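Here's the structure we're looking at; comments come further down.
Note: hydrogens, waters and symmetry copies are ignored here, and every other heavy atom, side chains too, is used. Quick note on labels: first sequence line is chain A, next is B, and so on, each numbered from 1. The shown structure was predicted, so the numbers you read here are calculated from the model rather than taken from an experiment.
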Number of protein chains: 2
Amino acid sequence: MNSRRDVFQAIADPTRRAIIMMLAVGSMTPNALAEQFKTSRQAVSKHLQILTECEIVTQEHQGREIHYHLNAAKMKEIEKWLEQFKKLIAKRFDQLDDVLRNLKNTKR
Amino acid sequence: MNSRRDVFQAIADPTRRAIIMMLAVGSMTPNALAEQFKTSRQAVSKHLQILTECEIVTQEHQGREIHYHLNAAKMKEIEKWLEQFKKLIAKRFDQLDDVLRNLKNTKR
DNA sequence: TTAATGCGCTACCAAATGGTTGCATAAATA
DNA sequence: TATTTATGCAACCATTTGGTAGCGCATTAA
């Protein structure tokens, strides 16, 4: 309920996912980003603010422009969670294997 | 803004992530799930409804109990997105390599 | 200096979210 | 049959979200 600012929140919005993809290619300004989408500059700016709070993005002031850089390392957290998840799934299949093995052994 | 019901929405909430983890181990009823958390049965039920709409979870009626199963395949979508992302990042590093190579070649 | 540009920030708004309480229904139990 | 149990569902509420419009502040251009 409270404003969780984590990676999962960051990638929950499709516009934000698109922004992340753009910044994965190279740093950009809010205006440059906004031109790529159908949303306004302000909307993009708001997403950038959220992404900054999630520590997925950092600012670099260059004159009157602000370049947004991607903190790719932060994305590792998603990968880590997915790995954990996959480990649990694997364990489940292992248990299934055990069951199947037992069935095999006990069958006449 | 509209109610997007996708995998990314599904894992955006920490309680929902926990539910997914529980179901990764084995199918469970709402009551059994609720006992694991500090939230109410109804709250968990609402999350299960969202997860069902996201097609991450399926129901299996068994008498008066409803067993919720995880559709692990759906989680692949996250993995797929992450792969795409990593490909872009890799490309960026490749470009950086090019730059470095050029610097090396042109330096006296 | 004046005008234009890039951007943040503050309302403001409709819709969604996450949660609670209470009721209805179906199944198991006494 | 009466009661308990498992669950969904609707109503309600405070907060968040995603978006727009407009103001203000630097920085660059004319």
Do the side chains of A:Val57 and A:Lys74 get nearer than 4.5 Å, heavy atoms only?
no
Results of side chain to side chain donor-acceptor pair (under 3.5 Å) for A:Lys76 - residues two or more places apart only:
none
Rounded to whole Å, please give me the gap between CD1 in A:Ile11 and P in D:dG18.
13 Å
Which part of the nucleic acid, if any, lies within reach of A:Gln9 when heavy atoms closer than 4.0 Å are counted: base, sugar-phosphate only, or nothing?
sugar-phosphate
With a cut-off of less than 4.0 Å, is there a side-chain N or O of A:Ser40 near OP1 or OP2 of D:dT20?
yes
Suppose the criterion is salt bridge (charged side-chain N to carboxylate O under 4.0 Å, His left out): which pairs have a residue in residues 87-96 of chain A, not counting sequence neighbours?
none
If you assign A:Thr15 and B:Lys46 each to the DNA chain D nucleotide with the nearest heavy atom, which residue ends up on the more 5' nucleotide?
B:Lys46
For D:dT17, does either OP1 or OP2 sit under 4.0 Å from a side-chain N or O belonging to A:Arg5?
yes
With side chain to side chain donor-acceptor pair (under 3.5 Å) as the rule and sequence neighbours excluded, what pairs involving residues 38-54 of chain A come up?
A:Arg5-A:Glu53, A:Arg16-A:His47
Tabulate atom names and distances for all N/O pairs under 3.5 angstrom spanning the protein and nucleotides 3-9 of chain C.
residue: C:dT5; atom: O2; partner: A:Arg64; partner atom: NH1; Å: 2.8
residue: C:dC7; atom: OP1; partner: A:Ile66; partner atom: N; Å: 3.3
residue: C:dC7; atom: OP2; partner: A:Asn31; partner atom: N; Å: 3.1
residue: C:dC7; atom: OP2; partner: A:Asn31; partner atom: ND2; Å: 3.0
residue: C:dG8; atom: OP1; partner: A:Tyr68; partner atom: OH; Å: 2.3
residue: C:dG8; atom: OP2; partner: A:Ser45; partner atom: OG; Å: 2.4
residue: C:dG8; atom: N7; partner: A:Arg41; partner atom: NH1; Å: 3.4
residue: C:dG8; atom: O6; partner: A:Arg41; partner atom: NH2; Å: 3.3

Using atom types as modelled, flag every donor-acceptor pair under 3.5 Å from a side chain in residues 27-37 of chain A to any protein atom, sequence neighbours excluded.
residue: A:Ser27; atom: OG; partner: A:His69; partner atom: ND1; Å: 2.5
residue: A:Thr29; atom: OG1; partner: A:Ala32; partner atom: N; Å: 3.3

Sorted by chain and residue number, the salt bridge (Lys or Arg N to Asp or Glu O under 4.0 Å) partners of A:Glu65 (sequence neighbours excluded) come out as none
Look at the side-chain N and O atoms of B:His47 and state whether any lies under 4.0 Å from the OP1 or OP2 oxygen of C:dG19.
yes
Rounded to whole Å, the CZ-P distance (A:Phe8 to C:dT17) equals 18 Å
Atom CG of A:Asp13 and atom P of C:dA15 are separated, to the nearest Å, by 18 Å
In whole Å, what is the span from the CZ atom of A:Arg4 to the P atom of D:dT15?
16 Å
Starting from P on C:dT17, measure out to CG on B:Asp6 and report it in whole angstrom.
11 Å
